[in-house]
Asker: 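What follows is a structure written as structure tokens; I'll ask about it next.
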Amino acid sequence: MPVTHEWWQRGVIYQIYPRSFLDTNGDGIGDLAGITRRLDYLAWLGVDAIWISPFYPSPMRDFGYDVTDHAAVDPRFGTLEDFDALLAEAHARGLRVILDYIPNHTADLHPWFVESRSSRENPRRDWYIWRDASADGGPPNNWISAFGGSAWEWDEATGQYYLHTFLREQPDLNWRNPDVERAMLEVVRFWMARGVDGLRLDAVQNTLKDDHFRDNPPNPDYREGVDDPFDRLERVFSGDRPEVHAVIARMRGVLREFSGERVLIGEIYNRVERLMAYYGEEGGGCHFPYNFQLIRLPWEARAIDAAVRRYEALLPPGGWPNWVLGNHDRHRVASRVGPAQARVAAMLLLTLRGTPTLYYGDEIGMADVPIPAERVQDPWEKNLPGKGLGRDPERTPMQWSAEPNAGFTAGDPWLPLADDYRRTNVQGQRGEPDSMLSLHRRLLKLRRAEPALAVGSYAPVDAQGDVLAYVREAEGTRFLVALNLGHDAATLAFDGAGEVALGTHADREGTPVESAIELRGDEGMVIRLRG
Ligand code: GLC
Ligand code: CA
């Protein structure tokens, strides 16, 4: 069975937010050399690939998601030579490297936009999305920016509005202009030629907008004062247009110009049904669109069970599943579900069918760090303060050791460290058999050794209350996964017998079980079934 699956199906992806991973020159900002230094750790942990959030030259209004040169390295992160060294060292350890590719927009300081805004006649004018004011002089339509306010910015000098789905410093590119597509596909070639193994496509559903720029309709489910203001409208015209799939197919075409199995992963926040089209016709789109359901669903066994079954049923033929518990845009799982359930969540992530993506620091149980007002960095928090939308709490420095600044930097860290870093850190957890880190390492090891867990089939098991259960199977080997998503003890009845292969509490391995499993509160178990 394993030979029929590619590395991106069998493997586990680890997301690195480079600013926060390891600083090697004391400027308080993580760098590429820092990632290289920690490749041994990642290989030891047992992941298969790293996805590195952007490190391209940037004014850092959105911390690298505002790019001024897509084919270079920002000096704060290092040099292209540092990148090549990172890639070579990763490959030498069998680790794949996935980069962040940002097709939807550039920084306003990108030379393309500087030209585009210089005059209406500039040859690059049409590289971005410029529109006249509406009849009343206001913005061309009702679209809103992900970070608050209108998605349109008035340009006094040339008397038109330009579109920015994100910050006003992140103008949207016009992918309907063939020169834009050509230039951006060259960027894909640049990194592929250097040897990267894949791309995560940032905000890819936004790259094509309605050709008539129609108003988005109101979202009937929107709760004023409760929901993110961005969700006030259904974003059916500002993105997720049918035309986007042809563009993704052409990105995929560029990957095929290169040898080896390279991967495209779409970042798409949308309803599950809408995700499925991103696999593309005959699988010629993304290898998989990110599935963020575990971040968004209530942490309840019945809700998650239903969502997993539904997702599995919706997948198109050949469509490979994937799961995510956290990333640099969402509050950390340990804070969302609490430290005890974070262990159960790790077991869920690493035993569901499909490629898991693990966010840096989650493997040691890092939690959101409260950020004092004067240290806020994230523009979203600055635009819409106090709404809990800010992303700094989940972007704080990786906690390596109990040394000052958790061993992250010899200087002043760009974001504060968690108060508890002397207790919660890699060095301290490495040697503890029942630590969160050891749990991750054991799960990754078992997954790697057992095709049933890496690529096997998934069959839901009926359970009650707070218990979530399913069976994974390959080549006649079967594992039952039983997870207690509640804090009280619970029982799962099942047909058959086996023994505990791995438990969240690390104290029952090898114990035989038959027809009923008694789970303690916050306990999860992987059971190797007999016969
Ligand atoms: C994606 C990124 C996010 C960024 C936005 C704009 O959602 O994950 O961090 O702010 O795109 O590029
Ligand atoms: Ca640095």
Side-chain angles (χ1 to χ4, degrees), residues 15-38 51-56 58-68 70 73-79 82 86 98-108 110 145-148 151 163-173 199-207 228 230 235 238-240 265-270 289-290 292 295 324 326-331 357 359 377-384 389-395 397-398 405 407-415:
Q15 181 192 353
I16 295 177
Y17 194 68
R19 271 186 99 77
S20 300
F21 203 55
L22 180 67
D23 171 26
T24 59
N25 64 353
D27 65 357
I29 296 172
D31 39 52
L32 295 181
I35 298 175
T36 307
R37 231 181 253 182
R38 287 295 182 260
W51 147 35
I52 313 173
S53 281
F55 50 75
Y56 318 113
S58 166
M60 301 292 170
R61 302 306 293 257
D62 191 20
F63 297 104
Y65 284 95
D66 48 330
V67 178
T68 52
H70 295 89
V73 175
D74 190 286
R76 278 161 285 199
F77 292 119
T79 63
D82 292 332
L86 191 175
I98 297 168
L99 301 192
D100 222 308
Y101 172 67
I102 301 146
N104 180 68
H105 47 268
T106 67
D108 60 341
H110 193 296
S145 151
F147 296 141
L163 181 68
H164 59 90
T165 302
F166 297 92
L167 296 175
R168 69 164 68 87
E169 293 89 354
Q170 291 169 297
D172 284 37
L173 283 163
L199 299 174
R200 174 256 190 193
L201 308 177
D202 183 76
V204 69
Q205 66 175 327
N206 292 103
T207 46
D228 175 357
F230 190 42
R235 298 186 288 276
S238 52
D240 193 26
I265 304 172
E267 185 218 20
I268 297 141
Y269 283 94
N270 210 324
Y290 261 141
F292 297 119
I295 297 181
V324 183
N327 59 38
H328 65 296
D329 294 326
R330 306 286 143 169
H331 294 308
T357 301
Y359 185 49
Q377 302 279 341
D378 183 23
W380 200 359
E381 180 67 27
K382 288 182 180 169
N383 285 354
L384 299 169
L389 295 168
R391 300 167 294 179
D392 296 330
E394 62 265 23
R395 296 177 174 179
M398 179 67 180
N405 293 322
F408 163 73
T409 181
D412 294 324
W414 78 287
L415 278 176

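All ligand and atom numbering here is 1-based and tracks the order in the structure.
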Asker: Taking only heavy atoms of Arg395, which atoms of ligand 1 are found under 4.0 Å from at least one of them?
Answerer: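 Counting from 1, the qualifying ligand atoms are 9 (O).
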Asker: Among protein heavy atoms, which sits nearest to atom 7 (O) of ligand 1, and what does the distance come to when rounded to 0.1 Å?
Answerer: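 In this structure, atom 7 (O) of ligand 1 has Glu267 OE2, 2.8 Å as its nearest protein heavy atom.
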Asker: In terms of relative ring orientation, are Tyr290 and Trp51 parallel, tilted or perpendicular, with 30° and 60° separating the classes?
Answerer: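 Rings of Tyr290 and Trp51: tilted, as their planes differ by 30° to 60°.
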Asker: Should you measure from each heavy atom of Arg200, which atoms of ligand 1 turn up under 4.0 Å away?
Answerer: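 Listed by number with element: 2 (C), 8 (O).
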Asker: Could you tell me the residue and atom name of the protein heavy atom closest to atom 9 (O) of ligand 1, and the distance to it rounded to 0.1 Å?
Answerer: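 Looking only at protein heavy atoms, the one closest to atom 9 (O) of ligand 1 is Asp329 OD1, 2.7 Å.
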Asker: Measure Tyr17 to ligand 1 on non-hydrogen atoms and call it side chain, backbone, both or neither using the 4.0 Å cut-off.
Answerer: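 It is neither; nothing of Tyr17 touches ligand 1.
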Asker: Which ligand 1 atoms, with their elements, are less than 4.0 angstrom from a heavy-atom of Arg391?
Answerer: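 The atoms of ligand 1 under 4.0 Å from a heavy atom of Arg391 are 3 (C), 4 (C), 9 (O), 10 (O).
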Asker: Do the numbers put Arg330 on top of the ring of Tyr269, so that NZ or CZ is under 6.0 Å from the six-membered ring centre and no more than 45° off the axis?
Answerer: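 Yes, cation above the ring, under 6.0 Å and within 45°.
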Asker: Under 30°, 30 to 60°, or over 60°: which ring-plane class applies to Tyr56 and His70, parallel, tilted or perpendicular?
Answerer: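 Rings of Tyr56 and His70: tilted, 30 to 60°.
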Asker: Please find the N/O/S atom of Asp23 nearest to the Ca ion (ligand 2) and write down its name.
Answerer: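 Nearest N/O/S atom of Asp23: OD1.
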Asker: Indicate whether any N or O donor in one side chain lies under 3.5 Å from an N or O acceptor in the other, for Asp240 and Asn270.
Answerer: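 Present: a donor and an acceptor within the cut-off.
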Asker: For atom 2 (C) of ligand 1, grab the closest protein heavy atom and report residue, atom and distance to one decimal in Å.
Answerer: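 Closest protein heavy atom to atom 2 (C) of ligand 1: Asp202 OD1, 3.0 Å.
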Asker: Are any N, O or S atoms from Thr24 nearer to the Ca ion (ligand 2) than 3.0 Å?
Answerer: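 It does not: Thr24 brings no N, O or S atom closer than 3.0 Å to the Ca ion (ligand 2).
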Asker: Flag the pair Asp329 and Arg395 as a salt bridge only when some basic side-chain nitrogen lies within less than 4.0 angstrom of an acidic carboxylate oxygen.
Answerer: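 Between Arg395 and Asp329 there is a salt bridge, with a charged N closer than 4.0 Å to a carboxylate O.
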Asker: Would you mind telling me which of Phe230, Phe147, Phe63 makes a ring-ring contact (aromatic ring centres under 6.0 Å, His included) with Phe166?
Answerer: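 Single ring-ring contact (aromatic ring centres under 6.0 Å, His included) partner of Phe166 among Phe230, Phe147, Phe63: Phe147.
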Asker: Taking the Ca ion (ligand 2) as the reference point, name the nearest N/O/S atom of Asp31.
Answerer: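 Going by distance to the Ca ion (ligand 2), the closest N, O or S atom in Asp31 is OD2.
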Asker: Could you check atom 4 (C) of ligand 1 against the protein and tell me its nearest heavy-atom contact, residue, atom and distance included?
Answerer: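 Ranked first by proximity to atom 4 (C) of ligand 1 is Asp62 OD2, 3.3 Å.
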Asker: When you check the side-chain N and O atoms of Asp74 and Ser58, is any donor under 3.5 Å from an acceptor?
Answerer: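 Looking only at side-chain atoms, Ser58 and Asp74 do not form any donor-acceptor pair under 3.5 Å.
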Asker: Show the numbers, then the answer: is there a side chain to side chain contact (heavy atoms under 4.5 Å, CB included) between Phe292 and Asn327?
Answerer: CA-CA 10 Å; Phe292 297 119; Asn327 59 38; 3.5 Å; yes
Asker: Output yes if Ile29 passes the N/O/S-under-3.0 Å test against the Ca ion (ligand 2); output no otherwise.
Answerer: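 A backbone or side-chain N, O or S atom of Ile29 is under 3.0 Å from the Ca ion (ligand 2).
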Asker: Would Phe147 count as a contact of ligand 1 if the rule is a heavy atom under 4.0 Å away?
Answerer: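 Within the 4.0 Å threshold, so yes.
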Asker: Salt bridge check, Arg391 against Asp62: does any charged N sit closer than 4.0 Å to a carboxylate O?
Answerer: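 Looking at Asp62 and Arg391, the cut-off is met.
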Asker: Please could you name the atoms of ligand 1 that His105 approaches to less than 4.0 Å, counting only its heavy atoms?
Answerer: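 Answer for ligand 1: 6 (C), 12 (O).
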Asker: Could you identify the single nearest non-hydrogen protein atom to atom 5 (C) of ligand 1 and state the distance to 0.1 Å?
Answerer: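 For this ligand atom, the closest protein heavy atom is Phe166 CE2, 3.7 Å.
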Asker: Given 3.5 Å as the limit, does a donor-acceptor pair link the side chain of Asn405 with the main chain of Gly407, or not?
Answerer: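 Not at all, since once roles are kept as given, no pair shorter than 3.5 Å links the two residues.
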Asker: So what does the Asp27 OD1 - the Ca ion (ligand 2) - Asn25 OD1 angle come to, to 10°?
Answerer: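 That angle is 80°.
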